[in-house]
Every structure is written in structure tokens, then in C-alpha cells.
Amino acid sequence: MDGKYFAKKVERKWQQKWAKSGAFQAEIDGDKPKFYQLEMLPYPSGNLHMGHVRNYSAGDALAWFKRLQGFNVLHPIGWDSFGQPAEDAAVKRGINPRKWTEDNIEIMRGQLQRLGLSYDWRRQIYAHTPEYYKFDQWFFLKMYEMGLAYKRMTQVNWCWHDQATLSNEQASGGLCWRCGNPVTKKDLEQWFLKTTAYTDQLLDDMEQIKEGWPQNVLKRQSDWIGRSRGAYVDFEVRSSGDSLFYCPIIDGITSSSDHGKGRIRVFTTRIDTIYGANSIVLAAEHPVIQANLDNFSEEVANKIAVIRTENAKPADHEKYVEKDGIDTGLKAVNPFSDEELPVWVGNYVMMDYGTGAVMSVPAHDQRDFEFATKFGLPIKQVISEPHLAHQHHAMQVLVLEQAFNEPGVLVHSDYWNGKPNAQAKAEMTEYGIKQRFAESATTYRLRDWGISRQRYWGSPIPIVYCSACGVVPEKFENLPVMLPDEAPITGTGESPLAKVPEFYETHCPKCKGPARRETDTMDTFVDSSWYFFRYLDPNNPALPTDPETAAYWMPVDQYIGGDDHAVMHLIYARFWTKVMRDIGLITFDEPFKRLMTQGMVIGETYFDDESGKRTYFTHDAVSVTRDVKGKITTVVSADGKPLKFAIERRSKSKGNGVDPDEMVEIYGADATRLFTLFAAPIENELVWNEAGIEGAVRFLQRVWRLVYKWKDHIRDAHLKPPDQEKTGSSARDLRRKTHQTIKRVSENLSSLQFNTPVAALMELSNAIGDLKIEPADAGTDEVFAVREALTALSLMLTPFAPHTAEELFAEIIGNEDGILANDARFPEFQDELAKEDLIEIAVQVNGKLRSKVRAVPDTSDEKLRELAKADEKVREYIDGKEIVKMIVVPGRLVNIVIKN
RNA sequence: GCUGGGGUGGCGGAAUUGGUAGACGCCCAGGACUUAAAAUCCUGUGCCCUUAGGGGCGUACGGGUUCGAUUCCCGUCCCCAGUACCA
């Protein structure tokens with residue numbers, strides 16, 4: 001290569017060299033510590049976007065860093081290649097989903113390769129291949145055996161017009177995304193995986209990973225799982241008057257009777273407030289309500305019908321729903337007070353949480369308060385601030401303006417009066433259990449995972465329905481249940497596989513009689529729940545992964561991905577790992593030791609006002625004005641036209657993405673990667689600004705020129721470090737900067753910071769550039785210092801700009817085998833060399849900076865005091881004043897406190 | 001509403017977790033080189049006052065603790081994210 005930096009040339013050269021030597025292929029090596037670096041695998045949508053580039057650049061930086069530190073690094077990549085967009089393409093453009101998917105993979109693999117990411121390409125996995133989905137099915141059968149996979153009726157979003165089930169996203173706002181008609185609910189038989197069997201483990205095992213995971217992800221997961229401890233309390237129910245009512249068995253615990261008596265079970269976390277209950281409120285879907293519809297008055301029945309209809313509409317998150325309900329006429333008895341309470345139906349009680357029945361305590365629950373206020377129901381306070389308790393008992397009316405949720409003592413609660421409510425909670429639960437009308441209970445928000453999809457492009461669920469034997473799991477030896485090459489995909493109605501007789505017509509694995517296959521496929525989140533195990537052993541025909549191999553590589557040391565997967569994918573993957581442990585494949589609980597979530601890459605998109613055409617302009621092409629807060633107020637195009645503008649998220653679904661290929665073409669892969677890491681902390685959102693990337697290019701060019709300037713003079717690897725370096729010599733100064741930089745870069749990378757080490761490298765290169773010596777005139781000390789600095793710089797640059805780093809390193813040492821083949825290591829700093837010879841000590845007077853003095857490190861406090869007091873500028877402030885005290889912070893500052 | 005995270009120059013962002021605020025980069029301005037441009041290099045760049053030396057003010061806002069606060073405490077305002085009648 002010559003003295004001018006041609007990114008493309010360098011990048012192509014090293015990509016070829018790496019591929020040829022298999023530089024990043026990893027195998028088990030007991031002599032080295034292992035490091036498993038993982039990034040979330042891409043969905044093959046067709047094009048890489050900048051979010052991918054950011055994610056993979058960060059992962060690659062860590063992979064290189066660890067490699068250079070002597071770790072045996074596994075860094076794989078694969079394809080999450082099942083999913084709906086492939087079917088959409090089939091519907092819209094008549095392309096076969098497999099062809100569409102595989103073409104996309106080809107394109108995106110090329111893009112990844114041009115970025116020069118250091119993957120072990122041999123380990124690629126493809127979710128849509130039988131070799132992979134065979135083990136989706138294998139796991140399903142295992143879970144079926146373990147009782148973790150089951151089938152039941154459930155409600156799904158349903159569009160009558162399109163005859164299609166819709167995901168929650170597709171039904172947002174209560175309207176079908178395709179035809180705009182209102183969405184209803186429909187009952188459908190679906191397969192579920194019992195994630196709820198692991199609720200406590202999913203919560204409690206967070207303890208094991210809390211050091212390495214972002215706080216907010218852990219929090220979101222625990223909110224999502226939503227453990228809530230309380231009690232079930234059974235209320236005896238009667239019909240008023242003569243009419244009978246029916247009380248069916250609920251969850252096997254409520255007694256049934258057609259003689260006007262039964263029990264309704266409520267769930268409460270506040271049993272201590274039970275004396276304040278004014279009613280029992282049931283969900284409209286509650287079995288007791290549904291069983292008695294004929295017994296209610298027309299008015300009640302109508303209201304229930306209205307509430308049910310309203311509930312069936314998907315919720316609009318923004319809208320506050322007015323409380324509504326009606327008294328059913330049924331009565332329930334408070335087991336503590338024997339008070340008879342009305343039974344209402346309320347629109348704010350959800351059937352799918354708790355028992356679908358609540359005891360309404362308006363004084364201590366805001367929702368109950370609103371309900372009671374609206375319908376004029378009594379509000380009785382039973383928890384009081386301790387100092388007001390006597391007033392409550394003196395029957396003074398203390399009017400509440402809202403529910404009282406603070407801790408306090410019980411009032412108007414018979415025997416329990418005066419007890420602190422936390423204590424009462426425990427004792428009252430205990431009492432209820434003894435009296436057999438209560439039970440300790442823990443409820444969860446987390447539901448079982450519905451995995452059935454009425455889609456073609458997914459793993460077939462390996463189940464057979466036989467008229468003689470019923471539901472029969474496919475045999476392990478018959479796996480995989482192959483997805484047929486073609487199916488009529490319409491995007492509507494039931495599964496396309498239900499229209500392929502060659503697929504569904506089969507024989508019962510048990511009795512060999514004619515039978516029908518399950519025609520639903522699995523949710524694609526199944527594929528991504530265990531793919532990181534498959535990388536370890538991608539060709540194993542018998543098992544998803546080999547237990548010994550997994551024991552070596554797992555758990556993943558560092559996982560990186562978008563925080564949009566904080567809940568779904570990361571809970572499923574944790575669940576799957578626990579199931580694998582219970583199957584006996586592995587022995588640990590958690591798959592990902594450390595997790596880092598990177599922020600979105602967003603772009604600023606400006607609309608051409610006249611044509612209305614959505615066009616992306618860079619900052620160079622438009623002029624942008626911002627208000628004080630930094631928000632864009634106006635955007636004017638280069639020819640002076642005001643434009644409509646909007647800031648949009650860069651994503652695959654919108655046509656405004658910055659094209660990584662274009663960036664690589666113009667600036668090179670190294671500059672693109674370096675800049676995505678330098679521009680902002682990895683966890684922040686990044687607004688893509690093209691002007692900034694020029695800085696990254698300039699930096700790489702500067703380093704390049706420095707190496708070419710010096711390389712012929714610093715080739716001698718046997719130079720000895722100067723033993724006694726003169727303080728203040730340029731060689732000493734440069735060595736200090738080099739070692740300080742090594743320290744900073746290593747520390748920053750270890751704590752997953754990418755922007756600050758790049759800044760440190762820029763400083764080091766500036767320091768080398770600032771040397772006033774020409775190479776020909778340099779003494780041996782200087783030559784040594786420059787050689788050390790440039791070698792360290794090129795090695796430390798490897799994680800951010802590997803191609804350039806390889807080339808420069810090769811130039812410095814005079815051999816082209818590459819950094820890894822030369823067994824080069826990330827430089828290590830020497831404390832002694834990083835130390836300053838003279839440090840600047842700030843001198844403050846009454847906390848205000850007045851001067852600075854220089855001193856050698858470890859100067860005694862006494863000496864520093866004297867230096868500070870002797871300083872001319874300081875004396876202007878302290879002469880003639882009484883010094884009250886002096887504070888010395890070693891190595892930092894002296895503060896002189898004077899009396900004014 | 002609740003929960004979590006934030007608010008630092010024109011912009012992205014640094015700051016050893018109480019110790020010299022603004023590293024590094026972008027933008028911008030001036031200069032050198034050049035016939036010219038590009039590239040490169042140099043200088044300046046928080047705000048205000050000052051001819052200069054220098055001074056004052058500054059980390060959303062108002063208080064507090066401290067010799068000293070971007071950092072800790074109290075209150076207010078604003079932004080972002082998650083979530084939603086969770087009993």
C-alpha cells in the first residue's frame with residue numbers, strides 16, 4: 001500500500017486475508033479462557049440498517065478486544081428467517097417465501113461481510129431450514145412430555161371482514177390494519193407453553209444476573225411477570241328474594257349450588273381493609289354472571305351485554321374509560337363482619353387477572369373510590385393515620401377526597417382495631433385460613449405463551465389428531481415434520497397448511513390409522529429462544545446442542561441488542577434455558593451473563609413540501625434551525641425552499657433508512673463503524689448526522705499518515721527502552737501519553753464504553769502528531785517512544801477499525817501475516833510510565849479557583865500549603881487576611897479558607 | 001396516573017462517583033500552503049464586561065448541606081422510555 005489511505009482497497013485486502021486464514025474460527029481450547037460474544041441475530045428483511053451496524057460494531061469491538069487479551073472468542077451470526085414479512089411478500093408480489101428469505105440473506109450477508117465483522121461464518125444458522133426447525137419441534141415434544149406444552153381455547157383478535165386472526169399490533173386502535181373494520185374477539189384452540197411454571201424462577205434468578213444487566217430491563221421484566229402477593233377470600237353468595245341462581249365451579253375451588261347459595265372467591269392484596277368493603281364487583285365475563293344471565297332482570301342483563309361488548313374491543317391505551325356497572329341483585333357476605341354486601345358487575349374488573357372478582361373498598365382503592373362515588377355507594381375508612389384513629393371512633397365524619405393508601409392503623413374493624421395494617425394483614429390472612437374462607441395467594445401478570453400461529457412460514461407444530469387416539473405427539477424419530485415447499489398463502493383465514501392435504505393427511509403415530517396434522521405453526525420467537533445454543537454445535541443431527549460443548553461455551557459472556565426486546569425475547573430465552581436445564585442438557589440457570597442494550601439509530605427525514613414526496617436529506621443538503629431546547633423549528637432546502645420535516649426512526653419498515661452500503665462505499669467500513677461507536681454512548685439514541693462521519697475519516701487518515709511518516713525509521717524491534725528518561729523530554733511525554741491512553745482504553749472497553757476510548761485514541765494520535773521532531777532527526781529515545789506509541793495505537797484501533805489497524809500494524813512490524821497470526825496482544829500499561837512527572841495543583845481561595853501551582857507527585861501536604869500561600873496571584877487575595885484553615889486534596893488542589 | 005432514566009456550549013457528548021466543568025469530535029470564523037480549488041496544517045471558539053492584564057456569570061429552575069456541588073438532600077418545571085383500571 002502507498003502513503004494514501006484508500007479504505008476500500010485496505011478493507012478488501014484484509015477481508016480476503018481473514019477469510020483465507022479462517023482467522024475468526026473458534027474451537028474449544030482448554031488452555032485459554034473462553035469468551036462468548038453474542039449479538040441479536042437479524043431478521044432477513046432485505047437490507048441492513050444502521051441499527052444493525054451499531055449493534056454489530058459494538059459486538060465486534062468487544063470480540064476483538066477479548067481476542068487481543070488472549071481469550072478464546074466465539075463470535076457467531078445467523079438468521080432469524082421465519083416470519084410474517086416473507087408471507088406478506090408472497091401475497092403482495094407472488095414470491096415464494098423461501099426464495100424471498102434466502103435472497104435477502106444473500107444480500108445481507110454481503111453487507112455484513114463488507115463491514116468486515118469478525119464472525120465465525122461456519123456457524124451460521126438459518127431458522128427456516130429443517131436442520132434447525134427440527135429442534136424447535138424436538139423441544140416442543142419434550143415440553144409436551146413434561147406437561148409444559150398444552151392446548152386450550154383462548155380469545156384472539158379476529159377480523160370478520162378478512163376472516164383473519166390479528167396480533168395485538170395489527171389490531172391496535174380496535175380496527176383491522178388491513179381493511180379498517182372493527183376487530184372482535186374470537187375463540188380459537190391454541191397451543192401454549194407454560195411459562196407460568198417458571199414465574200418465580202424468572203424473578204428470583206434475576207439475582208444471578210443483576211450485576212451484568214441494565215437496571216431498566218430487569219425492572220421491565222419483573223413488572224411484566226408482575227408477582228403480587230395477597231390472599232384469596234371466599235364470600236358466600238345468595239340470591240335476593242326467591243329466584244334461584246347458579247354458582248358454577250371456578251378453578252375447582254368454589255362450591256356449586258343451585259339452591260341459591262355458593263361462594264365467590266376474590267383476590268386481594270389488602271385483606272386488612274376488608275371491613276371497608278361495600279360490595280363485591282365481578283367482571284362481566286365472570287362464570288357466576290354468565291351462568292345466571294337468564295335470572296337477571298332485563299336491565300341488568302342488558303348492561304352486562306354492553307360491558308362485555310366494550311371489553312371485547314382492544315383497549316385504547318390513551319383513553320380513560322369511565323367507570324360503569326350495575327347491581328345484580330345478588331348478595332355476598334363479608335366473612336369477617338357478616339355484613340351483607342351487594343354484588344355488582346363492573347367494567348373495571350378484568351376476568352383475566354386474579355379471580356375476576358374484587359371486593360370493593362372505596363376508602364382505600366382509587367378505582368373502587370371512583371366506582372362508589374359514581375353510584376353513590378357507601379365509603380367507609382378502615383385504615384387511619386395513627387393520630388387520627390380516635391376521631392374515627394368518635395364517629396366524626398372525615399370526608400375523603402380520594403382513596404387513602406398510606407400505611408396506618410385499623411379502625412372500624414372490630415377485634416383488629418388499633419393494629420398497624422401490615423401486622424393486621426398477616427394476622428387476618430392467618431385467621432381466614434383457619435376459618436377456611438381464605439388462602440394465601442400469589443398472582444402473576446405473566447401469562448402462558450401462546451405459540452400457535454395460523455401461518456405458513458414457521459415451524460410446524462409436531463402434533464397429530466387421530467379420531468381414535470385423540471391428540472398424539474409426533475415421534476422424535478419422525479422429526480422434522482417438514483414444511484411443504486408451497487402452500488396457498490392469502491394472508492387471511494386459517495393456516496395455509498390447512499389447504500395442503502399432502503401436508504396434513506398423515507397416519508397416527510400410535511395406531512397407524514389415518515389422521516390429521518396440526519396445521520398451525522410456531523411463533524417465530526421460538527426460534528430466537530435458543531439459537532445461541534445452536535451456534536455451539538450447528539450440525540448436530542441428534543440434539544439441539546451437545547451438552548459438553550455447551551458446558552464449555554455457555555453462558556453467553558456478553559449479549560448485545562436493541563432494548564425493544566427487553567421483555568419478550570429475553571424472557572422467552574431465559575424460560576427456554578431453564579427448560580433445557582430441566583431436560584438435562586445444561587446445568588446452569590441463566591443464558592446471558594451480561595446484557596447491553598443499544599439505543600436506536602434514528603434519522604432526520606425532511607419532506608419536500610411541494611411534491612409531498614418523502615425524501616431523505618442530509619444536514620449538508622438542508623439548513624436547519626433549532627429552538628433553545630434543540631428542537632428543529634424550520635428546515636430549508638439548499639435552494640431556499642421551506643420543507644415539511646419529521647424526525648423518524650431508522651428502521652427496516654420505513655423507507656428512510658441510511659443505507660449502510662452507501663456509507664461503506666463513500667467512507668469505508670472502518671470509518672462507518674468507528675463513527676457509530678464514537679458518535680454517542682451506545683445506550684443512547686443516535687441521531688444520524690452525516691457531517692460527523694467525516695471526522696472519523698479524517699482521524700483514520702491522520703493515523704495513516706503518521707505511520708507512513710515514521711514506519712521506515714521505527715522498524716527496529718530490538719530498540720531498548722531508555723533507562724533514565726529526562727523529565728520534560730518529548731520521548732518521556734509521549735510514553736506517558738501512550739501508557740495513559742492504554743489505561744483509559746482498556747478500562748473503558750471493559751466497562752462497555754465505546755465513545756470515550758475512541759476519544760482517547762484521537763488524543764494519542766494528536767500527541768504523536770504534535771511531536772516537533774522529524775523522523776530523520778529523532779534520537780533513539782524518541783524513535784523508541786514513537787514506535788511504542790504507533791504500535792499501541794494500531795493495536796488499540798483494531799476493535800474499532802480492524803482493517804486499517806491490520807494494515808498499519810503490518811507496516812510497522814514489516815510483516816503481513818496479521819495481528820492474530822503474529823499473536824499480538826492488546827498493549828498493557830505500566831503505571832510507572834503513565835505517571836505524571838509534574839502535576840498541576842489548583843489553588844482555591846474560599847472555593848474559588850485563583851491560581852495553579854506545579855509540583856511533583858507525592859509532594860507533602862505541608863509543602864503544598866507553602867507553595868499555595870507563596871503564589872503571587874493567591875497572595876493578592878490572602879495578604880492581610882486571617883487564614884481560617886487550608887484543605888489539601890493530595891494530587892488535586894489546595895483550598896485556602898480566609899475570613900473576610 | 002404510576003414506575004424508571006434524564007436535563008451540561010450552536011450540536012453529539014467528556015468529567016477519577018464531592019475536588020481545576022466543557023476532553024474528543026462536528027459546526028463556525030480567521031490564517032498558512034496553492035494561479036485557484038480540494039486536501040492538509042495552524043489559531044480561535046460557553047456567555048458577558050475589558051484596549052490590555054484581568055474580572056464576573058455559568059451544568060433546567062429555587063433553596064439547603066459543605067472549605068468546595070454537574071455530582072448529595074428538599075421543592076418546582078420540562079423531556080424520554082415503559083406501563084396501565086393488576087384488585
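Order of the sequence lines fixes the chain letters, A, B, ..., with proteins taken first and strands second; residue numbering starts at 1 for each chain.
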If I pick the P atom on B:G44 and the same atom on B:C24, what distance separates them, to the nearest angstrom? 12 Å
With sequence neighbours left out, the residues meeting ring-ring contact (aromatic ring centres under 6.0 Å, His included) with A:F800 are none
Rounded to the nearest angstrom, tell me the gap between atom CD in A:Q740 and atom P in B:A14. 20 Å
For a quick test of reading the model: is some side-chain N or O of A:R367 closer than 4.0 Å to OP1 or OP2 of B:C86? yes
As its Watson-Crick or G-U partner within any shown strand, both distances under 3.5 Å, B:G22 has none
Qualifying residues under side chain to side chain contact (heavy atoms under 4.5 Å, CB included), relative to A:E406, sequence neighbours excluded: A:F404
Measuring from the side chain of A:Y348 (C-beta onward, heavy atoms only), which nucleotide among B:C85, B:C42, B:U20 has the closest atom? B:C85
Counting side-chain heavy atoms from C-beta on, which of B:A23, B:U20, B:G19 comes nearest to A:V889? B:G19
Ranking B:G19, B:A21, B:C86 by distance to the side chain of A:R445, first place goes to B:C86
Touch check for A:D563, heavy atoms < 4.0 angstrom, all strands: base, sugar-phosphate only, or nothing? nothing
Please pick, from B:A87, B:U40, B:A14, the nucleotide with the shortest atom-to-atom distance to any side-chain atom of A:T756. B:A14
Residue of the set A:Q221, A:K219, A:R227 for which side-chain hydrogen bond (donor to acceptor under 3.5 Å, both in side chains) holds with A:D223: A:K219
Rounding to an integer number of Å, can you tell me how far A:N684 CG sits from B:A14 C1'? 13 Å
With a 3.5 angstrom cut-off on both distances, give the Watson-Crick or G-U wobble partner of B:G82, or none if there isn't one. B:C2
Answer with base, sugar-phosphate or nothing: what part of the nucleic acid does A:M886 contact at a heavy-atom distance below 4.0 Å? nothing
Considering only nitrogen or oxygen atoms on both sides, find all protein atoms under 3.5 Å from nucleotides 2-5 of chain B and state each distance.
residue, atom, partner, partner atom, Å
B:U3, O2', A:K219, NZ, 2.5

Give one of base, sugar-phosphate or nothing for A:V349, where a contact means two heavy atoms less than 4.0 Å apart. base
Below 4.0 angstrom from OP1 or OP2 of B:U20, is there any side-chain N or O of A:R850? no
Does a side chain donor of either A:D200 or A:Y444 reach within less than 3.5 Å of an acceptor in the other side chain? yes
Using the ring-ring contact (aromatic ring centres under 6.0 Å, His included) criterion, which residues pair with A:F235? Sequence neighbours excluded. none
If only side-chain N and O atoms of A:T355 are considered, is one of them under 4.0 Å from the OP1 or OP2 phosphate oxygen of B:A87? no
Exercise: do A:E836 and A:Q740 side chains pair donor with acceptor under 3.5 Å: yes
At 4.0 Å (heavy atoms only), tell me whether A:F754 reaches a base, stays on the sugar-phosphate, or touches nothing. nothing
Using atom CG of A:D272 as one end and atom P of B:A87 as the other, report the distance to the nearest whole Å. 13 Å
Looking only at atom types and distance, does a side-chain atom of A:T355 sit under 3.5 Å from a main-chain N or O of A:R265, one as donor and one as acceptor? yes
Both A:W224 and A:R270 contact RNA chain B. Taking the nearest nucleotide for each, which residue is further toward the 5' end? A:W224
Can you name the residues that form a ring-ring contact (aromatic ring centres under 6.0 Å, His included) with A:Y232, not counting sequence neighbours? A:F267
Rounding to an integer number of angstrom, what distance separates B:U51 and B:U65 when you compare their C1' atoms? 44 Å
Side-chain N,O (A:N755) to OP1/OP2 (B:A14) below 4.0 Å: yes
B:G44: syn or anti, with syn meaning chi within 90° of zero? anti
Separation of B:U40 P from A:F699 CZ (nearest whole Å): 14 Å
Distance-only donor-acceptor check, side chains A:Q753 and A:S751, under 3.5 Å: yes
Nearest nucleotide by nearest heavy atom, which residue falls closer to the 5' end of RNA chain B, A:A679 or A:A842? A:A679
Distance between C1' atoms of B:U34 and B:U40 (Å, rounded): 12 Å
Taking A:N684 for the side chain and A:L686 for the main chain, is one N or O donor matched with an acceptor at less than 3.5 Å? no
Write down the distance between CD (A:E872) and P (B:G54), rounded to a whole number of angstrom. 12 Å
Qualifying residues under ring-ring contact (aromatic ring centres under 6.0 Å, His included), relative to A:F371, sequence neighbours excluded: A:W344, A:Y348, A:F375
A:D770: side chain to side chain contact (heavy atoms under 4.5 Å, CB included) partners, not counting sequence neighbours: none
Applying the Watson-Crick and G-U wobble criteria at under 3.5 Å, what pairs with B:A39? Answer none if nothing qualifies. none
Could you run through nucleotides 64-75 of chain B and give me one letter per nucleotide, 5' to 3': B if any protein heavy atom sits under 4.0 Å from the base, S if only the sugar-phosphate is that close, - if neither? ---BS-------
B:C47 to B:C42 separation - P atoms, rounded to the nearest Å: 23 Å
To the nearest angstrom, the CD-P distance between A:E370 and B:G1 comes to 14 Å
Scan every strand shown for a Watson-Crick or G-U wobble partner of B:C57, both distances under 3.5 Å, and answer none if you come up empty. B:G46
Kindly state which residues belonging to residues 358-366 of chain A come within less than 4.0 angstrom of RNA chain B, counting heavy atoms of the residue only, listed by number. A:V358
Heavy-atom count around A:D858 CG within 6.0 Å, excluding the residue itself: above 12? no
Identified pairing partner of B:U17, criterion: Watson-Crick or G-U wobble below 3.5 Å: none
Within less than 4.0 Å of OP1 or OP2 of B:G54, is there a side-chain N or O belonging to A:Y877? no
Look for any protein N or O under 3.5 Å of an N or O in nucleotides 25-31 of chain B and output each such pair with its distance, or none.
residue, atom, partner, partner atom, Å
B:G25, OP1, A:N766, ND2, 3.3
B:C26, OP1, A:R698, NE, 3.0
B:C26, OP1, A:R698, NH2, 2.7
B:C27, OP2, A:R698, NH2, 3.3

Using whole Å, report how far NZ of A:K852 lies from P of B:G19. 16 Å
For the pair A:Y5 and A:W704, name the ring-plane relationship: parallel under 30°, tilted 30 to 60°, perpendicular over 60°. tilted
By the 4.0 Å heavy-atom rule, please label A:R220 as base, sugar-phosphate, or nothing. sugar-phosphate
Tell me the salt bridge (Lys or Arg N to Asp or Glu O under 4.0 Å) pairs involving residues 675-684 of chain A, sequence neighbours left out? none
Which residues satisfy the side chain to side chain contact (heavy atoms under 4.5 Å, CB included) test with A:A424, sequence neighbours excluded? A:D272, A:L410, A:K419, A:M428
Atom NZ of A:K873 and atom P of B:G53: how far apart are they, to the nearest Å? 12 Å
For atom CZ of A:R875, is the number of surrounding heavy atoms from other residues, nucleotides or ligands below 6.0 Å larger than 12? no
Side chain of A:A680 only, heavy atoms from C-beta on: which candidate in B:U20, B:C24, B:G13 is closest? B:G13
